Number of protein chains: 2
Amino acid sequence: MERCSFEQGLVLEMPGTAITKVCFPEPGMISVMARTPVGVQAEVGIIGPEGMTGLPLLHGLDSWPHATIVQIPCRALCIEATAFRAVLAECRPLHERLLRYAQVFSVQLAQGSLCNARFTIEQRLARWLLMCHDRTDREDLPLTHELLSTMLGVRRAGITTALRMLNDSGAVKSRRGGIGIRDRSRMLAIAGDAYGVPEDEYTRVLA
Amino acid sequence: MERCSFEQGLVLEMPGTAITKVCFPEPGMISVMARTPVGVQAEVGIIGPEGMTGLPLLHGLDSWPHATIVQIPCRALCIEATAFRAVLAECRPLHERLLRYAQVFSVQLAQGSLCNARFTIEQRLARWLLMCHDRTDREDLPLTHELLSTMLGVRRAGITTALRMLNDSGAVKSRRGGIGIRDRSRMLAIAGDAYGVPEDEYTRVLA
DNA sequence: ACTTTAATGTACGATAACGTACTTATAGGT
DNA sequence: ACCTATAAGTACGTTATCGTACATTAAAGT
């Protein structure tokens with residue numbers, strides 16, 4: 001496996017395009033975006049050091065209709081798709097462990113769906129920042145409101161407003177182009193039930 | 001495998017509880033519900049004759065944090081979890097095929113998430129009814145507004161209103177406790193981009 | 001036929017989020 | 001030190017959806 005460096009914005013996977021590389025990120029964040037044929041899009045999943053890109057390969061497929069994009073720059077251990085397939089076939093325990101991760105990811109998708117249906121932008125933003133915080137080792141997450149708005153599928157102005165509330169409550173400290181989690185317990189309180197289920201599933205299944 | 005009959009409301013799987021039975025439905029519909037510890041809930045996935053319950057078993061696990069509930073009565077071919085695990089271990093091609101279905105399901109989760117973030121209740125309802133229609137052989141789907149409201153995670157009154165619009169446009173005909181798709185192409189037009197991606201993925205991967 | 005219950009229709013003020021536009025501030029290059 | 005581009009703050013009218021409540025209707029049992 002080769003160690004790579006990924007900049008923000010790098011596209012690792014494209015809808016309907018064969019995946020050539022599987023990556024196991026070090027601290028940082030990669031996001032999975034769903035979109036419709038017409039281009040309506042939103043982030044549906046987050047991948048960090050707890051997981052991997054190239055999930056379709058675990059299911060015996062070489063693509064899916066999502067895009068995978070680096071959100072917070074990170075290094076990663078990468079392996080060619082063909083080599084990865086070979087390893088999977090040889091090492092059953094590895095395949096089994098990674099399949100367990102696939103379930104954790106799918107629980108994350110499901111809970112994200114629930115959040116989009118039932119929670120406010122502020123709660124969803126808190127959830128998102130917490131998940132991001134879990135996966136990086138930075139003080140400051142390099143994120144613009146614009147970026148967050150595409151992730152959550154809401155207006156840019158909506159992010160500004162929600163973020164100001166998080167700021168006022170002392171949960172985060174946001175600078176231009178960056179956000180720092182200040183008080184994690186307060187964030188947890190704000191996110192409430194929106195955060196936690198996939199995390200518990202991860203612990204149950206992989207720890 | 002044993003053929004079973006499932007009534008509406010039957011709970012096949014409960015959050016965090018070991019799954020004892022895997023079911024391959026005949027025409028009808030089973031839904032997967034996500035919920036938070038506090039009880040906020042919504043449907044995140046739909047299972048019909050194209051798929052199966054007991055997805056965690058495919059990933060080497062015996063439970064997940066979702067509930068699986070029969071929505072439209074159906075028959076199904078069922079097999080004990082232990083027997084199913086044995087078959088999976090013996091028959092690699094079967095496991096591989098079912099894993100491909102697991103990916104289709106997970107694409108469905110992702111698109112559902114996107115829909116909840118970006119589409120109106122009317123569109124989401126149209127999508128849901130279409131997906132339901134795909135999986136049953138009935139003229140009339142036995143669904144109350146109350147039920148639909150828990151599925152979509154919206155007000156019961158919101159369903160009534162959205163449904164009246166579908167009615168007025170001639171897309172559906174709704175009776176007390178039942179809804180019939182009248183004009184599928186009109187439904188497709190209303191659902192727009194909300195419907196289709198997981199269906200295409202199914203075709204690509206399993207047909 | 002009458003009663004009961006569940007399902008549906010409808011209303012109304014409140015709130016969350018939208019689309020859009022314009023202003024202000026900050027970082028980075030010259 | 002000054003420009004300039006990008007990021008962020010803010011405003012305003014509009015729309016979707018909410019919470020809640022109440023009235024109406026259809027099926028099901030006696």
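Any value given below was found using the heavy atoms of this structure, including those in side chains, with hydrogens, waters and symmetry copies removed. Remember, it's a predicted structure, so these values are computed and weren't measured experimentally.
Residue whose closest nucleotide on DNA chain D sits further toward the 5' end, between Arg156(A) and Ala117(A): Arg156(A). Between Arg175(B) and Arg175(A), it is Arg175(B) whose nearest contact on DNA chain C lies nearer the 5' terminus. Ranked by how close their nearest DNA chain D nucleotide is to the 5' end, Arg176(A) and Thr160(A) are led by Arg176(A).
Remark: C1' of dA7(C) and CG of Leu148(B) are 12 Å apart, rounded to the nearest angstrom. Between Ile159(A) atom CD1 and dT20(C) atom P there is a gap of 18 Å when expressed in whole angstrom units. Atom CD1 in Ile179(A) sits roughly 16 Å away from atom P in dT26(C) (whole-Å rounding). We find that CG of Leu143(A) is positioned 13 Å from C1' of dA7(D), with the value rounded to whole Å. Taking atom CD on Gln123(A) and atom P on dA17(C), their separation rounds to 9 Å, with Å as the unit. Between the NE2 atom of His145(B) and the P atom of dA26(D) there is a distance of 13 Å, rounded to whole Å. Whole-Å rounding puts the Arg118(A) CZ to dA17(C) P distance at 13 Å. Taking atom CD1 on Ile121(B) and atom C1' on dC18(C), their separation rounds to 15 Å, with Å as the unit.
In this structure the side chain of Leu77(B) never reaches within 4.5 angstrom of the side chain of Cys23(B), judged on heavy atoms.
Comparing dT20(D), dG19(C), dA8(D) by their closest approach to the side chain of Arg155(A) singles out dG19(C).
Arg164(B) comes within 4.0 angstrom of the backbone, heavy atoms only, and of no base. Nucleic acid contact class of Gly158(B) (heavy atoms, under 4.0 Å, all strands): none.
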Intermediate values then yes/no, salt bridge (charged side-chain N to carboxylate O under 4.0 Å, His left out), Asp134(B) and Arg184(B)
CA-CA 10 Å; Asp134(B) 292 339; Arg184(B) 199 179 151 91; 2.8 Å; yes
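With rounding to the nearest 0.5 angstrom, the CD1 atom of Ile179(B) is 8.5 Å from the CG atom of Asn167(B). With values rounded to the nearest 0.5 angstrom, Gln103(A) atom CD is found 14.0 Å from Tyr202(A) atom OH.
Thr120(B) and Arg124(B) form no side-chain donor-acceptor contact under 3.5 Å, judged by distance and modelled atom types alone.
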